[in-house]
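Not measured: the values here are computed from a predicted model. Note that the numbering runs from 1 along the sequence shown for the chain.
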Amino acid sequence: MAWLILLWMPIYGAGALLIREVVLRRGRGWPSILLLAIAYEIVEDGIGLQALSSPRLYDAASWGARILGINAPYWEANALYHAVFTVSVPIALTDLLFPAHRARPYLGRTGTAVAAVMAVLGVAVLRLTVPPSQDPGYQAPLPVVLGCLVLVLALVALALRVLPPTHTAPAKPAAPPRLVVLYGASATATLVFFGLSFPVFGQQQPAFTHGLAVLVPMGVTAVTAIACYRFLSRAAARPAWTQRHTLAVVGGALVAHSVGGLVIMARTAVDRVGLVAIIGLTVLGLVVLDRRLRTADITGGGGPAPLGIHALRSRPE
């Protein structure tokens with residue numbers, strides 16, 4: 001079903017692009033990107049797909065801990081998933097590929113407005129295609145829709161108005177972790193996240209739990225995510241952190257993402273062959289990009305960026 005990339009490109013592509021542009025124009029950094037990524041997930045799953053409240057779609061209600069009509073485990077898993085793989089990884093990887101443009105907007109005001117319109121249209125495309133075919137007859141209750149909108153507005157205000165502009169924080173002179181350690185730790189964290197947050201190997205609930213016991217892996221996942229963020233924020237602020245370190249974090253997560261899909265989700269030979277090809281191309285791309293970054297020897301520390309990228313700052317066009 002790879003053709004679905006054409007259908008979902010407006011919300012995935014324009015959504016991530018819009019988040020980057022507005023954060024950069026407001027002089028904010030990665031904390032704001034992550035908050036807006038969570039807002040993005042609420043719009044996609046709460047209003048577009050309606051999977052946050054649906055009792056049937058994706059079997060999300062069977063994950064356990066359905067609270068106030070919301071599929072809580074599904075929400076946490078997808079909020080973290082989209083924050084990392086839909087928004088943060090594409091932004092970080094694009095900045096690594098095009099370092100000369102990392103501290104400036106890609107778009108003018110008109111282009112940013114067009115990206116916003118495309119993202120909204122992407123939500124509409126999801127709403128008009130997926131629920132009618134996979135969850136016919138379901139309409140999210142009005143309180144749920146209004147609650148999603150209020151929460152999204154609150155996250156946007158927090159990300160763009162309450163959080164302070166980014167700044168360069170004092171960094172310890174200690175050396176950052178070795179590249180091989182970052183690759184392995186990032187890959188391991190990704191696989192652990194999948195194992196804790198998604199039903200695997202035919203199970204109905206995450207982490208082989210039953211009923212409200214799912215709250216335990218949910219809590220572990222939340223604590224682990226916060227710990228990973230704090231670790232990366234501090235490590236990336238060290239003067240010796242380079243873009244190769246950032247690539248190691250991104251690369252480990254990307255490879256593990258596809259390996260997890262191969263082990264957990266692949267159902268057919270086409271799925272397996274496709275994912276093996278994606279893993280191979282990903283590794284090849286990482287090797288090529290790492291060589292380029294090693295040659296350029298561009299450092300990327302300075303700031304609270306969890307992935308080791310300079311804090312995004314506004315720059316006149």
Side-chain angles (χ1 to χ4, degrees), residues 5 9 12-13 16-17 19-21 23-24 29-30 33-34 37 83-107 111 166 168 171 173-190 228-229 231-262 274-315 317:
I5 191 173
M9 191 180 295
Y12 281 94
L17 179 59
I19 288 173
R20 181 197 185 274
E21 295 299 290
V23 167
L24 187 119
W30 284 100
I33 288 177
L34 294 172
V84 174
F85 290 104
T86 300
V87 177
S88 296
V89 165
I91 290 175
L93 191 57
T94 305
D95 280 349
L96 290 173
L97 288 167
F98 306 99
H101 302 281
R102 61 193 287 181
R104 63 183 300 272
Y106 296 150
L107 306 174
T166 55
T168 300
R178 296 173 57 192
L179 295 178
V180 66
V181 172
L182 286 174
Y183 273 109
S186 180
T188 300
T190 299
C228 288
Y229 174 83
F231 168 78
L232 286 175
S233 297
R234 294 173 179 177
R238 297 172 185 173
W241 184 278
T242 69
Q243 291 193 34
R244 294 183 68 202
H245 292 92
T246 300
L247 182 64
V249 176
V250 172
L254 281 175
V255 172
H257 176 278
S258 297
V259 170
L262 181 64
L275 282 167
V276 168
I278 288 173
I279 293 169
L281 290 173
T282 301
V283 171
L284 177 61
L286 290 171
V287 171
V288 172
L289 183 52
D290 181 74
R291 288 179 178 175
R292 184 207 292 183
L293 296 177
R294 181 173 54 191
T295 301
D297 194 27
I298 303 174
T299 57
L307 296 178
I309 300 175
H310 280 305
L312 298 174
R313 295 181 292 273
S314 298
R315 176 185 294 182
E317 294 183 64

Q.
If you define the side chain from C-beta out and look only at heavy atoms, does anything of Val23 sit under 4.5 Å from Trp30?
A. no
When rounded to the nearest 0.5 Å, the distance separating CG of Leu254 from CG of Leu281 is 12.5 Å
> According to the interplanar angle, ranging from 0 to 90°, do the rings of Phe85 and His257 count as parallel (below 30°), tilted (30 to 60°) or perpendicular (above 60°)?
Replying inline: tilted
With sequence neighbours left out, the residues meeting ring-ring contact (aromatic ring centres under 6.0 Å, His included) with Phe231 are none
Here the gap from Thr242 atom OG1 to Leu179 atom CG, rounded to the nearest 0.5 Å, amounts to 6.5 Å
Exercise. Could you give me the CA-CA distance, side-chain angles and deciding distance for Leu289 and Arg292, then say whether side chain to side chain contact (heavy atoms under 4.5 Å, CB included) is met?
Key: CA-CA 5 Å; Leu289 183 52; Arg292 184 207 292 183; 4.3 Å; yes
Nearest heavy-atom contact between Val181 and Pro177 is CG1-CB, 4.4 Å
Shortest non-hydrogen pair, Ala248 vs Leu182, comes out as CB-CB, 3.8 Å
Residues Ala187 and Ala256: closest non-hydrogen pair is O-CB, 3.4 Å
Is any side-chain heavy atom of Leu107 less than 4.5 Å from a side-chain heavy atom of Leu17? yes
So side-chain hydrogen bond (donor to acceptor under 3.5 Å, both in side chains) across residues 280-290, not counting sequence neighbours, yields Arg244-Asp290
Notebook entry, point to check: If only atom types and distance count, is the side chain of Ser258 paired as donor or acceptor with the main-chain N or O of Leu275 below 3.5 Å?
Noted result: no
In this structure, OG1 of Thr246 is separated from CG of Leu96 (nearest 0.5 Å) by 6.0 Å
Does some side-chain heavy atom of Val84 sit less than 4.5 Å from a side-chain heavy atom of Thr190? no
Only residue of Leu93, Ile19, Ile33 satisfying side-chain contact (heavy atoms from CB on, under 4.5 Å) with Ser88 is Ile33
Donor-acceptor pair, distance only, cut-off 3.5 Å: does the side chain of Thr94 make one with the backbone of Pro90? yes
Here the gap from Ile279 atom CD1 to Leu284 atom CG, rounded to the nearest 0.5 Å, amounts to 13.5 Å
Residue set satisfying side-chain contact (heavy atoms from CB on, under 4.5 Å) with Val276, at least two apart, ordered chain then number -> Leu262
*Should Gln243 and Arg102 count as side-chain neighbours, where that means a heavy-atom distance under 4.5 Å?*
yes
| message | Do Glu21 and Leu24 make a side-chain contact, defined as non-hydrogen atoms from C-beta onward lying under 4.5 Å apart? | response | no
Nearest heavy-atom contact between Ala240 and Pro176 is CB-CD, 3.5 Å
